[in-house]
Amino acid sequence: MAFLSQSGPHTSKESVLWFYWLVLLLTLATPCQATVSPADKRVVTIGVVADNEPYSFFEGRNPSGFSIDVLREVARNANLAFDFRAGSWPDIYAAFMRGDLDAIDGISWRPERAENILFTDPYHFREVYLMRDSARYLPPIQHLEDLEGLKVGVVENIFYLNSLQHEDLDIHTYDTLPSLVRALAFGWVDVAMGPRLTLEYLANRAGFRFLETVTPAPLEHLSREDFRIGVRSGNQALLQRLQAGLDAIPDERLNNLRQRWQEFGGVSAEQGARLPLTSEQLQFLAALGPVRVGFMDDYAPFSFTDGGRTLGLSVDIMNRLADLTGLQIIPVRGQWDELIPMLQSGDIDIMANMSYRPERETFARFTQPYHTIPNVIFTREESIDYSELRDLQGYKLAIGAGIYYEDAVRSILGPDNLFTFSTQEPMFQALAKGDVDVVINALHSGNYWIHELGISGVRIAGELMLPGFTGEDLRFGVRPSLSPLADILNQALATISPTEQRTIETRWLGATARSASSSESRQITWNAEQTEWLKQRNHIVRICVDPDWSPLEAIENGKHVGLSAQTLALFEARTDIRFVLIPTASWRESIEAARKRRCDMFPLAMETPERSRYMDFTTPYLEVPNVVMGRIEAPFIERLGDLSERPVGVVDGYAFAELLQQRYPAMQLVPVSSEEDGLRQLQNGTLAGYITTLATASYYMQSLGLADLKVIGRVPADWSLAIATRNDEPILNGIMQRLVSSLTPEERDNLESNWRNLRIEERVDYSRFWQTLIVGLLITALLFYWNRKLGRLNRELAEANEALSRLSVTDNLTQLGNRSYFDREFPRSFQWCQRHKTGFAVAMVDADHFKKINDTWGHEAGDQCLQALADVMREHFRRETDRLSRFGGEEFIIFTSYEDASDIMDRLERFRTAVANRQCDTCQGSPIELTVSIGLAYGVPEPTGSPAEYLRQADQALYAAKGNGRNRLEARQTGRKT
């Protein structure tokens, strides 16, 4: 209006004319279906079948499925609003014919129906197909007679069942389609017959990627069913509107919807772009550093070791999460019973292949499942007729040690015939030899070992079905102190697109007999870009190595020797590349040569954040255990933290020097010039420990005769060794990756065995003979004197051993028990109370706002407060059965037995009050007020109870105490009352 007021009448008329022309042009340009105004949108009640996956079903109150997606497209195009009414087919069909519904979905045209119903054109044809296990041979099927001699599975009361029975076939019926798919996966039938889209949807959802549809069922006119939308006669207007909505759906869109439900469970195949992280999560990841991930090394096809590499579905999923989040992963291989204690003690950060159980919440934060698999009964006994676990009474049964259903199986079958195995291979070898009758195991893992070991006559008797155990849900377990990482991994898992997930699953679960490894042809051919790159450099690649890292690699008499030299010899035999050594005097000098581009690659190196700035890395082709060496009298260590603030040597520039410094900032790492230099310093007492590989330690201990050294511990991460290439030559990295991928499993095994089977050639040095004789005479002369001192030395040694034993379970700061003490005494105390049917109490004590004390007064003042807290704890808990332990940081644990629950609560309240009334004096002369929150779990342990449950309840009570204001006691009764 303001614009028009500034113009004359003529200008206003021209503006109005232009406005009308614009409206006319917009009207002509609008598609015809848009001419229906929103006011004309009609609500249409439509009947759909409730339990007809993947066509129509309900998730809560929301309808879902392929047909539902099609109907939503129709509603959008036709300006309709569907009111979905769900039920069984007979119910919704009767309601439709009574006039209670405007339309019905999924109806097929029949002459008798056409008298009272108007039909749209079909939007889908449901085809009846045959499905098989891709690892089993199925002859060509063109006629029903071709199914003779095969066990054919179908759903009971299906409309084509009579046609099959007339052919006198071996028919096995199942109550539902999911049951039919599982029967095929377990080998109970040879072929399954059912609707193609539904069979493929259910197989993919269950993770049975080895099942495949092969051909239409030979049922003639019964093998094809049309899906339409129907309205009652006389409602031609609604029919036209529905048909117009269907016609407006492009064929490409229909095919995309069909593929989404057939292969990806209804999720868009393209879903999964970038990972949305908050600024706090990004800061957390930036400060995190490398994380150590535990993989079971015999849990094929999910994680296993093949040719020195860690492979499997879980490994691929973890690598994809690392790509999405930017995490650097250090794989740690081991058995279940080795890795779980490492997660509990913080020596690894993440555990793969882990199923959720409530009692595990005390030491792990779980992601959502990334795969779920059924646990089944493998047996060679034809006499076993299995329907429930009690049917296995009297048979010798094998399960994995520590598996999450072990207690449930033991409680039903008892301990007499139950055998546990820490690894998978010997468990199935026992089945092959007849040492056990039954193995309960995950379907895919069991199939792998049966094929790998060539065990014949094995069948699946049934599926393990126990209350609360629906299958093995594979998750990642994150140690609690890194709980934000669990949320980040969950977000990353949700970001993996269905296409990626399907590709990974198909790679490892594509067939029960699928080989776990593959290799390229021995002779490598290059693409045009790689050929040109090599031609420009005369097929020469310059290498730098560690000159003193035998037997892995070294320089001897100017020549490259060791395992990496053998690897490059294999590469030269299958290509026209020549590897030229650039000599260096130390590993540090080799690193500098690579930085300055005097050499093109390292044949054996581990990826670190620092090296990634100037080198690219292939996938690892060798993994070597990492160990801690010590003097012969040194005690064995449980974790690297036991060496905090003591000098520990590592070769200057080695990968683990960088990684360990990030992980253990309190560790006093001392760089040494070479392996021999480090071992000599350890021998003469300059170092308290020395970190190296098991291969090099074995080599030098033999070659140098270092009999006074030993392995005192294991570093919870192995050397994952790859080829490193200069990052300004990406083509070279692609060339070397091709070569690494070409290594066969046999070649990888041979390379690994070379360092495991060391042989040091010895020559007799006669010049030392007389020296040895003289030393022997001197020893004999001193023998008498030594015998006199022996008694005194033995007494001193016994005292030293006693002190050492006490120190090994004592926290240095508070002089309370440490985590090792807790791990040893906690289950003992619980079992004593369980056996004597007396009360057991565990209290978790946490200093309130302790971070604020450290930030305000400094760590020295914080340590003094913890010492004062420990003193108060000792004053109040002096009874014979009282056990005190520092659990970690500012968290303590008290566990004891009791007769009266009120007594233990009174003692804890008095302790809490005493802490609050005692101020902590600091070196700065200012007292600090300190309070504690306490979570108590108590009760008489049940026979089936576990100490982990008490610890979990105490932890939850502690959270409640903090949530309710701190400086308070919260208690939870866990067992029976006293």
Side-chain angles (χ1 to χ4, degrees), residues 344-346 634-646 664 666-668 688-689 713 796-829 841-848 850-851 853-854 857-897 904 907-908 910-924 927-935 951 954 958:
Q344 292 172 321
S345 64
F636 289 96
I637 63 171
E638 293 188 8
R639 56 184 66 86
L640 283 178
D642 295 343
L643 292 174
S644 294
E645 301 179 358
R646 302 180 66 191
Y664 301 97
M667 183 176 289
Q668 185 182 338
E796 292 176 355
L797 181 61
E799 293 172 359
N801 283 335
E802 183 180 355
L804 181 63
S805 176
R806 185 172 60 255
L807 288 173
S808 68
V809 293
T810 303
D811 177 62
N812 290 334
L813 177 66
T814 63
Q815 299 304 303
L816 299 178
N818 61 12
R819 183 62 183 267
S820 297
Y821 173 82
F822 171 81
D823 292 339
R824 186 187 72 187
E825 295 296 325
F826 186 62
R828 289 181 183 176
S829 181
V842 54
M844 298 193 75
V845 180
D846 191 83
D848 295 328
F850 191 73
K851 184 178 183 301
I853 292 175
N854 275 336
W857 301 94
H859 288 278
E860 184 178 353
D863 288 347
Q864 292 177 5
C865 288
L866 293 180
Q867 290 170 335
L869 174 58
D871 291 340
V872 178
M873 191 177 293
R874 271 188 291 267
E875 292 171 6
H876 285 75
F877 294 92
R878 296 182 174 182
R879 296 180 185 176
E880 184 180 355
T881 59
D882 293 345
R883 300 288 185 267
L884 312 178
S885 171
R886 185 184 180 193
F887 201 58
E890 67 271 20
E891 197 168 51
F892 299 81
I893 290 188
I894 303 167
F895 53 98
T896 186
S897 61
I904 187 65
R907 294 176 68 197
L908 288 169
R910 289 196 297 271
F911 161 66
R912 182 192 61 78
T913 303
V915 172
N917 292 335
R918 179 181 298 188
Q919 293 182 327
C920 174
D921 294 327
T922 71
C923 57
Q924 301 177 24
I928 301 174
E929 294 184 356
L930 180 67
T931 62
V932 293
S933 299
I934 306 173
L951 192 62
L958 176 61

Exercise for the section: Carefully, step by step, assess Phe877 and Leu908 under the rule side-chain contact (heavy atoms from CB on, under 4.5 Å). Expected result: CA-CA 9 Å; Phe877 294 92; Leu908 288 169; 3.5 Å; yes
Exercise for the section: Could you check Ile928 against Ile853 for side-chain contact (heavy atoms from CB on, under 4.5 Å), going step by step and ending with a plain yes or no? Expected result: CA-CA 8 Å; Ile928 301 174; Ile853 292 175; 4.1 Å; yes
Practice task
Run the numbers on Leu951 and Met844 for side-chain contact (heavy atoms from CB on, under 4.5 Å), then give the verdict.
Solution key: CA-CA 8 Å; Leu951 192 62; Met844 298 193 75; 4.2 Å; yes
Practice task
Might you work through the side-chain contact (heavy atoms from CB on, under 4.5 Å) test for Leu816 and Tyr821, ending with a clear yes or no?
Solution key: CA-CA 9 Å; Leu816 299 178; Tyr821 173 82; over 6 Å; no
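Residues passing the ring-ring contact (aromatic ring centres under 6.0 Å, His included) test with Phe850: none are found, sequence neighbours excluded. With sequence neighbours excluded, the residues that form a side-chain contact (heavy atoms from CB on, under 4.5 Å) with Arg918 are Asp871, Val872, Glu875. Here Glu891 pairs with nothing under the side-chain hydrogen bond (donor to acceptor under 3.5 Å, both in side chains) rule; sequence neighbours left out. With sequence neighbours excluded, the residues that form a side-chain hydrogen bond (donor to acceptor under 3.5 Å, both in side chains) with Thr896 are Thr881, Asp882. Scanning for side-chain hydrogen bond (donor to acceptor under 3.5 Å, both in side chains) contacts around Asp823 gives Arg819, with sequence neighbours left out. For Arg910, there are no salt bridge (charged side-chain N to carboxylate O under 4.0 Å, His left out) partners at least two apart in sequence or on another chain. In this structure Ser933 satisfies the side-chain contact (heavy atoms from CB on, under 4.5 Å) test together with Asp848, Leu958, Ala961, Lys962, Arg966, sequence neighbours excluded. Remark: Arg912 engages Glu909, Val932, Ile934, Asn967 in a side-chain contact (heavy atoms from CB on, under 4.5 Å) (not counting sequence neighbours). Every residue meeting the side-chain contact (heavy atoms from CB on, under 4.5 Å) condition with Ala688, not counting sequence neighbours, appears here in chain and number order: Arg646, Pro647. With sequence neighbours excluded, no residue satisfies ring-ring contact (aromatic ring centres under 6.0 Å, His included) with Phe892.
For Arg907 against Arg878, the heavy-atom pair with the smallest separation is NH2-N, 4.2 Å. Considering all non-hydrogen atoms of both residues, Val915 and Thr931 come closest at CG1-CA, 4.3 Å. The heavy-atom pair separating Leu866 from Thr814 by the smallest distance is O-CG2, 4.0 Å.
Residues Thr810 and Asn818 form no side-chain contact, since every pair of their non-hydrogen atoms from C-beta on lies 4.5 Å or further apart. Within the 4.5 Å cutoff, the side chain of Val845 has heavy atoms near those of the Ile894 side chain. No side-chain heavy atom of Arg883 sits less than 4.5 Å from a side-chain heavy atom of Arg828.
Put simply, CG on Leu884 and CG on Asp811 are 12.0 Å apart, with the number rounded to the nearest 0.5 Å. The OG atom of Ser897 sits 9.0 Å away from the CD atom of Glu880 when rounded to the nearest 0.5 Å. Distance check, rounded to the nearest 0.5 Å: CE of Met873 to OG of Ser885 gives 9.5 Å. For the atom pair CD (Gln864) and CG (Leu813), the distance works out to 10.0 Å, reported to the nearest 0.5 Å.
For Phe895 and Phe822, the gap between ring centers is short of 6.0 Å.
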